[in-house]
Amino acid sequence: MKHNIKAAILFMAFACTAMSAMAQFSKPRRTYLEYIITTDHADRNYNTGEQANVKIEAYKGGVPVDGVKVHYTTGDEMFPAERKDSTTFRAGVATIPVGTRTEPGFKACNLQFTVYDKTVKDMVKVAFSPYDIKPFTTMPDDFDRFWQKTLKKAEKTALDPEITPLPKYSTDKVEVALVKINVGPDGRHMYGYLTKPRDGRRHPVLFCPPGAGASKISPTTYYSEHGFIYLNINIHNGCNPELDDAAYAEAKSNAEGYNRRRINDKETFYYREVYAGCSRCIDFLCTLPEWDGRNVGVTGGSQGGALSIVTAALNPKVTFCSPFYPALCDLTGFRHGRAGGWPKYFNKTAEADGAEETMQYYDVVNFARRLKCPVFYSFGYNDETCSPTSTFAAYNEITAPKTLSTTPTSGHWRFTETNDESVEWMKKTAGIE
């Protein structure tokens, strides 16, 4: 009996040890294949005429990869490849010659290699004299008159905000409400989430327009926890984020194809009411009794980055602006053989007659030229949605005080650290301690 008990104990101990070993085996602390990509200029910036090279270091289980082929293509960003070739890892290193440009802009390198059935696909973009990139967009003589007329028309409609408290999203530090704001004639309105600190004090206001599309927006207490009265909105009529999914899908369907809707005429282009509506959202925020009476900010990414710049240029109440990878920049770029901004007009498709003239009034480049408030501007070089060529083209036109934070390895997204940098800049600019 004692022998059986002892044997059972030994078996259980062995089983536990084996299971523990298997658990450790099934959860490696590192990946078998590790690699890092660098360029011979650490910031990935080159002068026109300089040759750019990409270096890949790769290890399998800590041992340098050797004899493995790297297949790659190189060429101007967002255009068909100019060169297709391969190179080979030697002692863990492979080098790709990306080439150069004679004019300011970006080149892209797409690469691929396989080790132990794991295929790596990656992309690297490098810049050539990026601070010399000039937009193709010109300023119409009546640009200011056109937008003054547009804003005056929108301002004739009373805001009449409907504010509905939403305790289900609120916390002990932040109160959340749903807001419906009339932003223009004929029932034009926008829905958004308004959040305010629960401390009985007055605060700066911060407006956040949305990225592209018509998906539901979500409430966040993040910015109010940092001391801002915060409003994020949906730009499309009827898109109440508190609707159930079926009802919201129906409301959302009315926005399909909006970024090319009536683009043949600057008077009727869809974005005209959107730009004016964003300015009216600033007017609304400045009616709140909790506003500190001085500080007004705008921030957003992609389409939201574009609308941040537009809003700051249109509404003189705005005192600081923090756009990320703004869309709608240098919109005729593809027409001139260089990468343009989202939504990539003239890229592989024709546009409606009159579209090119309309774009002059809506291109973010022309609003960037009108900015007067301080700007924190950020984007990544590997962005395939809003080309860095186009975002640099707009940035280079800003004459107001500006801070640039680029992250060469990010695409159409931002690192947490970059977002934190933006928040700290906005807090300092708005006087939040």
Is the distance from the ring center of F334 to that of Y345 below 6.0 Å?
no
Just by distance, do the side chain of N382 and the backbone of K125 share a donor-acceptor pair under 3.5 Å?
yes
Taking the six-membered ring for Trp, is the centroid-to-centroid distance between F106 and F79 below 6.0 Å?
no
Verdict with supporting geometry, D172 and R198, salt bridge (Lys or Arg N to Asp or Glu O under 4.0 Å)
CA-CA 7 Å; D172 58 344; R198 290 184 187 269; over 6 Å; no
Are the ring centres of Y271 and Y362 closer than 6.0 Å?
no
Check the orientation of Y361 and F143. Use parallel for under 30°, tilted for 30 to 60°, and perpendicular for over 60°.
parallel
Does a side chain donor of either N254 or N237 reach within less than 3.5 Å of an acceptor in the other side chain?
no
What class does the angle between the rings of Y223 and Y230 fall in, given that below 30° is parallel, 30 to 60° is tilted and above 60° is perpendicular?
parallel
Short question: side chain of R202, backbone of E290 - any donor-acceptor pair under 3.5 Å?
no
E103, CD: over 12 other non-hydrogen atoms inside 6.0 angstrom
no
Starting at OH of Y377, measure out to CG of L404 and round the result to the nearest 0.5 Å.
8.5 Å
Using a 6.0 Å cut-off, check whether atom CD of E82 has over 12 heavy atoms from anything other than its own residue.
yes
